[in-house]
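Notes to accompany the following structure.
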Amino acid sequence: MSEAVKSGERAERPGTWASLARAMASWRTAAVTLLSFSSGLPLGLVWIAIPDWLRSIGVDIRVVGLITLAQAPWTFKFLWSPLMDRYVPPFWGRRRGWMAVAQVALFITTLMLAGVGEHPQTAWVVGALAMAVAFAAATQDIAIDAYAVEVLRRDEQGVAVGARVALYRAAMFIAGSAAITLAGRVSWKAVVIGLAVLFLPMIIVTRFAPEPEEKPIPPTSLKDAVWYPFVGFLSRHRALEILAFVFLYKLADNLGGTLLRPFLVDMGYSDLHRGVALGTLGLVGTIAGTLIGGAWTTVLGLGRALWVFGVIQIVSNLGYVLVARAGEPNVWLMYSAIGFEQVTQGLGTGAFSVLLMRLTQKRFSATQFALLSSLFSIPRVLAGPIAGFMVYSIGWEAFFWFTMVGGIPGLLLLARFVPLGVRDPNFEVQTRPTAQPVSRSVLWGSATFAAVVGMGVGAATSALLTALQNFRKAPAQGFDYGTPFAQLFQPASVTDWVTLASIVVLGLVVGMLTAAVLAARSGAFYLPEQEAPPASSPAGS
């Protein structure tokens, strides 16, 4: 390319601040941001308000614990996301149509909660309705995330991510803590009716939200909708390393933040100080950090933002080391440590969310984004048990030093596909077979073997965590691994069934991932040119 052409392109391209201003004024960004309010409402209702309300009216704590399983649809939403890639509602387009269906379902199911809101004997009905609300909410989240991937331009993604998190958190607060407070002054029934009514303006936003400038063709069959998202992603340059990076990038944050409340209790801080630190400073810091992180990802470029914010979020745990070393409560040191760490956590989340959007192919945006976000959430789930046993073994100060070390593998993987100094990485999608295809028998045999191994590893890990927990509670009885392992395959409660189902789902995902890796690498299956973007230069070139 000649220097004259390059100079012309630079002249036509708006500056970073001009691009940011355009993104903030865009109706595309505004629509995506407003729709995130609709995502936060059911999460606050199901995660925070319903368990609090049930316990406050005298429902058995065991029943309340079982009803918290209504959170499961958010974890397993990738299972039905291919349906939303494949099938298009007869109105408002592929993404907005599904959003509208989910929002109507949310309005109806939330309104139905008001009818049983004052009767403890209907706790199981409340639990069933909570599950229905969660399923509709997870479906809406799939559609909104896919819509954001498809409708936003690259220079709008950063500012949209920050604004989405801010409104999402605000909605969670309204449907959670604020709803609990208001219900104490009026009634649960009135509060739930009010929350249901809030979904109506969201339907209007969905109706008038802009359609994507490019409309990808839906997969031609359900099989393609399930299979192609795996193969399409794994055809990218360094795909497996990118997946490992998605898993590890925020590991230091996840480990450091998972036991903050017990940490502050052990350090001797009062209920008031803990509430201010985690309820006020934590919320404000996370929102502010995500807003700044998303906006500055546009200014710095995705590659630089991942590096800068990745290093900062690791170093931020040093504040907790100082709090642990202080020995006695130091309120301002604790406030400063939590405020700084929450801001840096938001910075990393802002840049990381932009990465997930860039990695997602628009034709399969529902399935791929759901899979990536589920992979991203796994370390947060595993962090609690790991952190508990580490603190028990080595103490708080050494534990927080370890969390900083735990963030280094993510940066090493980042260096593999985003070398230092690269502003915006490219993610290559191969469009041609590159080797002799493997046979179908080898492909599915390998997938079956990998699925069995995945289930075995999942079962072994789950049993190990349970055995360690039992040993910690009663060390005199010795370490018993065989009993919890055998109990996995003799489920006696809803929780046991959910655990077993999670192990099976893990095995199926591992099996399909293995098959997709073989297919993508050998050319057994590949995306035709009309179904994949043209191959670009390798990452970082």
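Quantities reported herein were computed from a predicted structural model and do not represent experimental measurements. Keep in mind that the numbers below use all heavy atoms, side chains included, and drop hydrogens, waters and symmetry copies.
- Between L318 and W401 the shortest heavy-atom distance is CD1-CH2, 3.7 Å.
- Between F352 and Y249, the ring planes are parallel. Angles under 30° get that label, and only those over 60° would be called perpendicular.
- Contact detail for V191 and A179: the closest heavy-atom pair is CG1-CB, 3.7 Å.
- Taking the centre of each ring, W396 and Y320 stay at or above the 6.0 Å mark.
- A175 and L41 get closest at one heavy-atom pair: CB-O, 3.1 Å.
- F309 places none of its side-chain heavy atoms less than 4.5 Å from the side chain of T349.
- In terms of heavy-atom proximity, K77 sits nearest to I142 at O-CD1, 3.3 Å.
- For V165, the side chain to side chain contact (heavy atoms under 4.5 Å, CB included) criterion is met by R169, T290, not counting sequence neighbours.
- Residues Q345 and S316 bring no donor and acceptor atom of their side chains to less than 3.5 Å of each other.
- The main-chain N or O of V457 is found under 3.5 Å from a side-chain atom of T461 such that the two form a donor-acceptor pair.
- For D141, there are no salt bridge (Lys or Arg N to Asp or Glu O under 4.0 Å) partners two or more places apart in sequence or in a different chain.
- Distance alone, capped at 3.5 Å, is enough to place a donor-acceptor pair between the T344 side chain and the E341 backbone.
- Under the rule for a side chain to side chain contact (heavy atoms under 4.5 Å, CB included), the partners of V104 that lie at least two apart in sequence or sit in another chain are I108, I203.
- Closest non-hydrogen pair, A137 versus W74, comes out as CB-CZ2, 3.5 Å.
- Of all non-hydrogen atoms in A130 and V46, the two that sit nearest each other are O-CG2, 4.0 Å.
- Remark: the backbone N or O of S38 is paired with a side-chain donor or acceptor of Q140 at under 3.5 angstrom.
- Side-chain contact annotation: W98 with T139, donor-acceptor N/O pair under 3.5 Å absent.
- Taking 4.5 Å as the limit, some side-chain heavy atom of M357 sits within range of a side-chain heavy atom of V161.
- Listed for the Y481 side chain is a donor-acceptor partner under 3.5 Å among the backbone atoms of A460.
- Remark: A170 engages no residue in a side chain to side chain contact (heavy atoms under 4.5 Å, CB included) (not counting sequence neighbours).
- Considering only residues two or more places apart in sequence or on other chains, T483 meets the side chain to side chain contact (heavy atoms under 4.5 Å, CB included) condition with D480, Q487.
- Contact check for P73 versus M131: side-chain heavy atoms found under the 4.5 Å cut-off.
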In residues 403-410, what donor-acceptor pairs under 3.5 Å come from side-chain atoms, sequence neighbours left out?
residue : atom : partner : partner atom : Å
T403    : OG1  : N317    : ND2          : 2.9
T403    : OG1  : F400    : O            : 2.6

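- Of the charged side-chain nitrogens involved, none lies within less than 4.0 Å of a carboxylate oxygen, so that D145 and R95 do not count as a salt-bridged pair.
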